[in-house]
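One-based numbering, in listed order, for ligands and for the atoms of each.
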Amino acid sequence: MAGKPLVLFLASEMYPFSKTGGLGDVLGALPLALHRKGINTAVLTPMYGRLSTAGYKLRLTQSHIPVGYPWPPVTADVYQTDYHGMPVYFLARGEYFDRRFYYNTYDGDYFDNCERFNFFCRAALEFASRLPEPPAVIHAHDWQTALAPAYVSFLRKKEPRWAATRTVMTIHNLAFQGRFSSRLFWECGLDHAAWHMDGAEYFGDFNLLKAGIAYADAVTTVSPSYAREILTPQFGCGLEGILNKRRAVLRGILNGADYDVWDPDGDKFLPCSYNPGDPDGKRECKKSLIRELYLSDQLEDKPLLSFIGRMRGQKGIDLLTEIIPRLMKKQVGVVVLGEGNLKHEARLLELIEEYPGRLAVVVGYSEDLAHRIQAGSDIFLMPSRYEPCGLTQMYALRFGAIPVATAVGGLIDTIRPYPDPAATGFTFAEPNAEQFLWTINLAIKLWREEKAAWVAMVERAMSQAFTWERSAGDYIKLYGDIGARLE
Ligand code: ADP
Ligand code: GLC
């Protein structure tokens with residue numbers, strides 16, 4: 001596809017090389033879906049110290065790219081690999097990216113995150129300017145790469161080569177904005193004309209995501225419902241003003257699920273395969289999960305509930321912790337996998353003592369266990385306070401773990417709630433403990449008392465297909481609508 005105009009994705013994570021959450025999953029799948037539709041696509045992402053090469057061979061492709069002002073001549077190197085026929089580039093600068101974590105330690109964010117990701121964006125544009133033609137589209141994701149659309153907006157006024165480049169800013173989570181002291185704006189190298197309330201300035205601070213929203217040709221978020229919600233003060237995280245101003249270019253495009261990675265039919269992490277036509281393997285997966293987590297064998301005939309996710313307020317982990325004692329009275333098993341807030345981690349670990357054999361809590365990050373939990377559980381819990389899209393519920397559907405989730409954002413767009421005859425899960429309106437528990441009880445009742453209805457729901461859930469192919473089609477249309485020339 002070389003020779004065709006390029007769509008260049010800039011992102012701070014990409015599965016299977018790096019991942020802290022759904023952003024990594026999206027980057028592992030969406031660019032490839034575009035590539036498979038014949039779009040010349042590439043990804044540029046940081047070369048982290050903790051990067052996994054995942055068996056791919058990386059080779060140095062450009063060295064000593066000078067990344068100019070505001071630093072004295074600092075350089076970056078770029079490594080490349082072939083990911084299913086699509087180039088992935090890794091931007092290397094040891095002092096910024098060769099660290100133990102991606103963005104923060106348990107003590108908080110890295111103090112130089114603004115400098116690190118500003119460096120990434122500036123180096124990305126230097127890298128792109130060395131290509132035979134600047135990219136047709138630069139597609140940025142979240143605050144870490146949000147300065148790129150802002151830079152391009154000023155660059156194309158000065159450099160005719162860049163005139164045809166279009167930019168897209170995708171918001172995966174509005175709560176993370178990259179907000180820094182104004183001093184860092186004056187030093188970062190962005191045109192000073194960007195310093196105003198419809199630009200990079202936010203209540204006297206430098207706000208990277210706001211800059212991306214202000215200057216990109218199109219702004220997207222990862223579900224239609226979240227695109228509507230973020231225009232309101234309740235979900236706008238303070239950026240509803242600029243989002244309303246940019247409403248004409250704001251679109252919600254639902255994420256997909258990568259069924260090459262997340263499908264119980266042939267999943268390499270599972271003890272056995274299953275699919276809607278042959279669902280029996282799920283029982284075996286449940287049995288095996290119960291053994292793996294040292295839970296009581298008696299749970300094999302009881303509902304097994306699970307939670308996988310960052311232990312943060314967003315995910316409603318506090319609501320789960322709060323209801324566990326009441327939930328346990330229902331003779332169920334609960335499995336939790338996650339990490340994040342130390343207070344919630346500690347509370348859950350304490351609770352294990354009270355419910356030995358019925359509550360398993362794994363604090364940490366384990367890709368393969370996440371698959372086995374999805375496969376082994378009957379009910380998947382997702383009491384999110386907000387959810388831009390959410391991928392775990394889509395995986396749960398495919399794995400036949402019926403979601404019980406808040407009716408927000410992407411959860412509205414992916415779960416058809418009981419008692420709809422075509423229901424694939426259960427939702428509740430307000431993220432509070434009472435509604436959450438009430439709705440779980442409804443699900444447990446159906447599991448126990450109406451087996452045929454339950455089995456039918458599981459089959460419907462497993463047959464849902466949120467394909468990346470469909471999302472990629474929507475992005476291609478968007479690129480066209482903003483005037484990108486892809487041929
Ligand atoms: P978010 O991006 O907000 O964290 P998503 O549902 O979009 O939520 O994506 C979360 C992704 O991260 C899923 O692939 C999920 O399996 C994974 N994940 C989250 N926490 C863990 C964990 N502790 N161990 C393994 N995978 C996890
Ligand atoms: C964010 C959101 C999540 C979404 C993911 C991928 O992490 O919290 O809802 O699924 O990005 O877009």
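Aromatic pair Y103/Y110: centroids not less than 6.0 angstrom apart. Aromatic rings from F180 and F206 are positioned such that their centres are separated by 6.0 Å or more. The distance between the ring centers of F117 and W143 falls below 6.0 angstrom. A centroid separation of less than 6.0 Å is found between the aromatic rings of F17 and F90.
Where the criterion is an N or O separation shorter than 3.5 Å, residue side chain and backbone included, W262 fails it with respect to ligand 1. Residue A370 places no N or O, backbone or side chain, under 3.5 Å from any N or O of ligand 1. Close N/O approach between T20 and ligand 1 is not found [any backbone or side-chain N/O within under 3.5 Å]. Ligand 1 has no nitrogen or oxygen under 3.5 angstrom from a nitrogen or oxygen of E339. At least one N or O atom of D25 sits closer than 3.5 Å to an N or O atom of ligand 1. Considering backbone and side-chain N/O atoms, G22 comes within less than 3.5 Å of an N/O atom of ligand 1. An N or O contact shorter than 3.5 Å is missing between E367 and ligand 1 by distance.
Side-chain contact of Q144 with Y102: a donor-acceptor pair under 3.5 Å is absent, judged by distance alone. A donor-acceptor pair shorter than 3.5 Å can be found between the side chains of H172 and H141. For the residue pair Q393 and T414, a side-chain donor N or O sits within less than 3.5 Å of a side-chain acceptor on the partner.
Counting non-hydrogen atoms of neighbouring residues, nucleotides and ligands closer than 6.0 angstrom, the CZ atom of R416 reaches no more than 12 such neighbours.
By the 4.0 Å heavy-atom criterion, K315 is counted among the residues contacting ligand 1. For the ligand labelled ligand 1, residue Q393 lies outside the 4.0 Å heavy-atom shell. Distances from ligand 1 to the non-hydrogen atoms of Y395 include at least one value under 4.0 Å. The closest approach between S366 and ligand 1 falls below 4.0 Å for a heavy atom of the residue. A heavy-atom separation below 4.0 Å is not found between G24 and ligand 1.
The ligand atoms of ligand 1 that sit less than 4.0 angstrom from a heavy atom of G390 are 6 (O), 7 (O). With ligand atoms numbered from 1 in the order given, ligand 1 contributes 19 (C), 20 (N) to contacts under 4.0 Å with heavy atoms of G309. For ligand 1, the atoms closer than 4.0 angstrom to any heavy atom of R310 are 1 (P), 3 (O), 4 (O). Near T392, meaning under 4.0 Å from any of its heavy atoms, are these atoms of ligand 1: 6 (O), 13 (C), 15 (C), 16 (O). Close approach of ligand 1 to L391 (heavy-atom distance below 4.0 Å) involves ligand atoms 5 (P), 6 (O), 7 (O).
Residues D25 and D258 are not in side-chain contact: their nearest non-hydrogen atoms beyond the backbone lie 4.5 Å or more apart.
Contact annotation: for K19 versus ligand 1, heavy atoms closer than 4.0 Å belong to the side chain alone.
Side-chain atoms of D267 come within 3.5 Å of backbone N or O of F269 as a donor-acceptor pair.
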Where does ligand 2 get N/O contacts under 3.5 Å from the protein, atom by atom?
residue: ligand 2; atom: 8 (O); partner: Q314; partner atom: NE2; Å: 3.1
residue: ligand 2; atom: 9 (O); partner: E387; partner atom: OE2; Å: 2.5
residue: ligand 2; atom: 9 (O); partner: P388; partner atom: N; Å: 3.4
residue: ligand 2; atom: 9 (O); partner: C389; partner atom: N; Å: 3.0
residue: ligand 2; atom: 9 (O); partner: G390; partner atom: N; Å: 2.9
residue: ligand 2; atom: 10 (O); partner: G390; partner atom: N; Å: 2.8
residue: ligand 2; atom: 11 (O); partner: H172; partner atom: O; Å: 3.4
residue: ligand 2; atom: 12 (O); partner: H172; partner atom: ND1; Å: 2.6
residue: ligand 2; atom: 12 (O); partner: N255; partner atom: ND2; Å: 2.9

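Looking only at heavy atoms of the protein, atom 23 (N) of ligand 1 is closest to G364 O, 2.8 Å. For atom 21 (C) of ligand 1, the closest heavy atom belonging to the protein is Y365 CE1, 3.5 Å.
Legend: ring-ring contact (aromatic ring centres under 6.0 Å, His included) pairs involving residues 375-415, not counting sequence neighbours, sorted by first then second residue: W262-Y395.
A cation-pi arrangement, defined by a distance under 6.0 Å to the six-membered ring centre and an angle within 45 degrees of its axis, is present between R398 and Y259.
K268 and D368 are not joined by a salt bridge, as no carboxylate oxygen comes within less than 4.0 angstrom of a charged side-chain nitrogen. For R283 and D378, the salt-bridge test fails: no basic side-chain N is under 4.0 Å from an acidic carboxylate O. With respect to the salt-bridge test (charged N to carboxylate O, under 4.0 angstrom), the residues E469 and R36 do not qualify.
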